[in-house]
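Note that ligands are numbered from 1 as they come in the structure, with each ligand's atoms numbered from 1 the same way.
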Amino acid sequence: MTDLAPVLQFKGVTKSFVNGSAAVPVLRGVDLSMDAGETVALTGESGSGKSTLLHIAGGLDTADEGTVHVAGHDLGPLSDSARAEVRRKDVAVVFQQFNLIPSLTVSDNIAFQARLAGRVDQDLIKRLSQRLGLTDHLGKYPETLSGGQQQRVAIARAIAARPKLLLADEPTGNLDEVTAAEVLDQLLQLVEETGAGLLLVTHSRAIAARMKRQLNLRQGRLA
Ligand SMILES: Nc1ncnc2c1ncn2[C@@H]1O[C@H](COP(=O)(O)OP(=O)(O)O)[C@@H](O)[C@H]1O
Ligand SMILES: [Mg+2]
């Protein structure tokens, strides 16, 4: 549980899904170790298991075999509620579809995970809002914002929770090229400043090249 432990570690992780009567293997022995502050790109063809790997890393799904450590916690033996606590306190996820809560204002969306994690830092929220150009939108509802603004809210929400591990699944996949580049720059700056580890799924070679390390998922294994 020390800060020296890898922020994310997979050893021999396997995962299959049942399709009819057959078990279809998706992950066939994934090994991965990420240090705090490291940025890693995860690429692979559609259906290769990238989102599955991310869900297991985030404690949203479980491995069939192998071990998964997040921020020093071995997720395997944890109860569902203990795993949910690791997910709330140590991990944040940014999705392609933003996944904001429509009934909450921008301000409450940004504070949402920090509240769940039990560490709301109003100064940090204010700084993030300024940095991401959201100050004039804090009282609005997500549906009134552009896609780029909504994704900035999702990034602010993730960073405001001070996660040790940030998982991002095609975070700029729904944005136009110029906005995507701006949002990626902001995300990378914030990740660097906070020292969170970032595992980012992307189809884009250019985006993958911005990460410190590039991994490709193929036939259920990382290379
Ligand atoms: N909950 C699920 N139930 C059944 N099959 C699933 C489930 N989630 C993913 N799969 C299957 O696992 C494979 C990998 O999916 P996914 O991880 O979403 O790939 P990627 O994100 O690389 O496109 C696909 O064949 C998909 O259909
Ligand atoms: Mg996917």
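By the definition of a contact as any protein heavy atom under 4.0 Å away, atom 13 (C) of ligand 1 is in contact. By the definition of a contact as any protein heavy atom under 4.0 Å away, atom 27 (O) of ligand 1 is not in contact.
If you chain together hydrophobic residues whose side chains sit under 4.5 Å apart, I56 and L60 never meet in one group. Cluster annotation: V93 is connected to L42 through the hydrophobic network of ILVMFWY side chains, with a link wherever side-chain heavy atoms come within less than 4.5 Å. Linking ILVMFWY side-chain heavy atoms closer than 4.5 Å, directly or via other members, places I110 and L104 in two distinct hydrophobic clusters. Follow the hydrophobic side-chain contacts under 4.5 Å out from L32 and you reach L165 in the same cluster. In the hydrophobic clustering of this structure, L187 does not group with V201; members are Ile, Leu, Val, Met, Phe, Trp, Tyr whose side-chain heavy atoms approach within less than 4.5 Å, directly or through other members.
Among protein heavy atoms, atom 9 (C) of ligand 1 sits closest to F17 CE1, 3.4 Å. In terms of protein heavy-atom proximity, atom 17 (O) of ligand 1 is nearest to T52 OG1, 2.6 Å. Counting only heavy atoms of the protein, atom 18 (O) of ligand 1 lies nearest to S51 CB, 3.7 Å.
Contact between S48 and ligand 1 is present, with at least one heavy atom of the residue lying under 4.0 Å from the ligand. The shell of residues lying under 4.0 angstrom from ligand 1, judged by heavy atoms, excludes H55.
Only side-chain heavy atoms of V26 come within less than 4.0 Å of ligand 1; its backbone N, CA, C and O stay farther off.
Close contacts of ligand 1 with E45, meaning ligand atoms under 4.0 Å from a residue heavy atom, involve 22 (O). Remark: ligand 1 atoms within the under-4.0 Å shell around heavy atoms of S46 are 23 (O).
Just one of K164, R213, K212 meets the salt bridge (charged side-chain N to carboxylate O under 4.0 Å, His left out) condition when paired with E38; it is R213. Tested against L184 for a side chain to side chain contact (heavy atoms under 4.5 Å, CB included), the candidates I155, T179, I207, L175 yield a single pass: I207.
From R87, atom CZ reaches atom CG of L75 across 10.0 Å, with rounding to the nearest 0.5 Å.
Side-chain contact, R152 with Q186: a donor N or O sits under 3.5 Å from an acceptor N or O.
Among the atoms of S46, no N, O or S atom is found under 2.8 Å from the Mg ion (ligand 2).
In terms of polar-atom proximity, G47 is counted as a contact of ligand 1, with an N or O under 3.5 Å from an N or O of the ligand. The N/O atoms of G49, backbone and side chain alike, include one that comes under 3.5 Å of an N/O atom in ligand 1.
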